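Reading through the structure tokens given below for one structure.
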There are 2 protein chains.
Amino acid sequence: MEKRYYPYEDFLDDTKSLTQKIDWKFDTIIPIARGGFSLAHLLGEYYNIREVYSINTIGYDDTIKLESVKVFNIPELGEAKNVLIVDDIVDSGDTLVEVLKVLRQAYPNVNFKTAALFYKKSAKIAPDWYVKEADKWIEFFWTEDIKRKI
Amino acid sequence: MEKRYYPYEDFLDDTKSLTQKIDWKFDTIIPIARGGFSLAHLLGEYYNIREVYSINTIGYDDTIKLESVKVFNIPELGEAKNVLIVDDIVDSGDTLVEVLKVLRQAYPNVNFKTAALFYKKSAKIAPDWYVKEADKWIEFFWTEDIKRKI
């Protein structure tokens, strides 16, 4: 698949775009590890939300897709009412579907909505808000930059 | 206090420096929310560690220091043996001391070490590894950039 490097500057612009699209008040942000971490960091700062928790999944082994997604490290949501789940990209949608299922089972009285920078049309679920459709393999700066030699 | 803007490029360089300083094998990374999130994201990619969990504290209310630090959202550490706790800055050290105390009580058989980008000499605890001493108020890019107008 064709690759596209995604630098910090684009991430910053897209995160700003995402904040303009999200027309919902939320009190908690849950990034899906690791992809959602940088996005959650900026959104937490932007919205001044300290309740930024993480959730983890296993499902990919590099580029080989496993059959199922296992969700673990489910956060204690405490007083949360409206929770925004964030990830870098909704690709197949498997991860997001499973995360939503697990969180809604654990917290039936909490509202969950979802946001991502990228979304693939072929995914089985669309996030409530996203910035760009992905038609290439995205090489995110947080993956690429740190591996380059100093 | 004098302020210093800390851009993404410096963060990237310093994170690379940090990886050169850390002479320890670890299997899990715990960022202290929110400050440690971007650092944990890059370190997780660099070391190919998927076990990146978060922990949360309350103790500052903007720039007003409260008397105590409350630690919450303590992660399930599962099979973890060696855990690196990361934060952007060790300032007073109150947060790191409390996080270490709570995690060591919860997981007495796990080894915890600590890393940060910045460290203030006046802190009551030094991280095991850090990159720079802070003598100014650091304005991190994740706080500043997202608040600028598009």
Side-chain angles (χ1 to χ4, degrees), chain A residues 7-9 11-20 28-62 72-80 88 139-150, chain B residues 7-9 11-20 28-62 70 72-80 88 140-150:
Chain A
Y8 171 72
E9 292 70 25
F11 163 69
L12 178 62
D13 288 347
D14 289 349
T15 303
K16 286 179 180 176
S17 298
L18 195 59
T19 64
Q20 297 192 316
T28 303
I29 302 170
I30 300 183
I32 300 174
R34 295 172 306 216
F37 262 58
S38 293
L39 177 59
H41 197 173
L42 265 66
L43 292 177
E45 295 286 345
Y46 181 81
Y47 291 105
N48 198 23
I49 290 176
R50 293 186 166 274
E51 288 74 14
V52 182
Y53 310 132
S54 65
I55 197 163
N56 297 63
T57 67
I58 300 179
Y60 281 92
D61 186 14
D62 287 334
F72 61 106
N73 191 38
I74 298 157
E76 302 165 21
L77 287 186
E79 307 292 305
D88 49 359
E139 294 189 315
F140 291 99
F141 72 89
W142 50 73
T143 306
E144 302 304 313
D145 294 0
I146 190 67
K147 290 174 183 170
R148 287 196 198 122
K149 296 276 177 221
I150 296 173
Chain B
Y8 170 72
E9 292 71 24
F11 163 69
L12 178 61
D13 289 344
D14 289 347
T15 303
K16 287 179 179 175
S17 298
L18 195 59
T19 64
Q20 296 191 316
T28 303
I29 301 170
I30 300 183
I32 300 174
R34 296 171 305 214
F37 262 58
S38 293
L39 178 59
H41 197 174
L42 265 66
L43 292 178
E45 295 286 345
Y46 181 81
Y47 292 104
N48 198 24
I49 291 177
R50 292 185 166 276
E51 289 73 15
V52 181
Y53 309 132
S54 66
I55 196 163
N56 297 63
T57 66
I58 301 178
Y60 282 92
D61 187 14
D62 286 334
K70 189 191 156 205
F72 61 105
N73 191 39
I74 297 158
E76 302 165 21
L77 287 187
E79 307 292 304
D88 49 359
F140 291 98
F141 72 89
W142 50 72
T143 307
E144 302 303 313
D145 294 0
I146 189 67
K147 290 173 183 170
R148 288 197 197 119
K149 294 278 179 220
I150 296 175

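Because the structure is predicted, anything quoted here is derived from the model rather than measured. Numbers restart at 1 for each chain; the letters A, B, ... are given by sequence-line order, proteins then strands.
Taking chain B as the reference chain and counting heavy-atom pairs below 4.5 Å, the highest number among T57(A), N73(A), L77(A) is found for N73(A). In terms of non-hydrogen atom pairs under 4.5 Å with chain B, the most contact-rich of V52(A), L39(A), L43(A), I55(A) is V52(A). By number of non-hydrogen pairs under 4.5 angstrom with chain B, the leading residue of P75(A), G35(A), A40(A) is G35(A).
S38(B) and H41(A) get closest at one heavy-atom pair: OG-ND1, 2.7 Å. The two residues Y46(B) and I146(A) come nearest to each other via the heavy atoms CD1-O, 3.6 Å.
Looking at E9(A), the atoms closer than 4.5 Å to chain B (heavy atoms on both sides) all sit in the side chain, from C-beta outward. At a 4.5 Å heavy-atom cutoff, the contact between N56(A) and chain B is made by side-chain atoms alone. Using a 4.5 Å cut-off between heavy atoms, I49(B) touches chain A through its backbone atoms (N, CA, C, O) alone. For F140(A), no part lies under 4.5 angstrom from a heavy atom of chain B.
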Worksheet entry | Verdict with reasoning, E144(B) to E45(A), per side-chain contact (heavy atoms from CB on, under 4.5 Å) | CA-CA 9 Å; E144(B) 302 303 313; E45(A) 295 286 345; over 6 Å; no

Yes or no on side chain to side chain donor-acceptor pair (under 3.5 Å) for D145(A) and Y8(A), after CA distance, side-chain angles and deciding distance?
CA-CA 9 Å; D145(A) 294 0; Y8(A) 171 72; over 6 Å; no

* To do: Could you walk me through whether F37(A) and W142(A) pass side-chain contact (heavy atoms from CB on, under 4.5 Å), step by step?
  => CA-CA 10 Å; F37(A) 262 58; W142(A) 50 73; over 6 Å; no

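Between the side chain of S54(A) and the backbone N or O of S54(B), at least one donor-acceptor pair lies under 3.5 Å.
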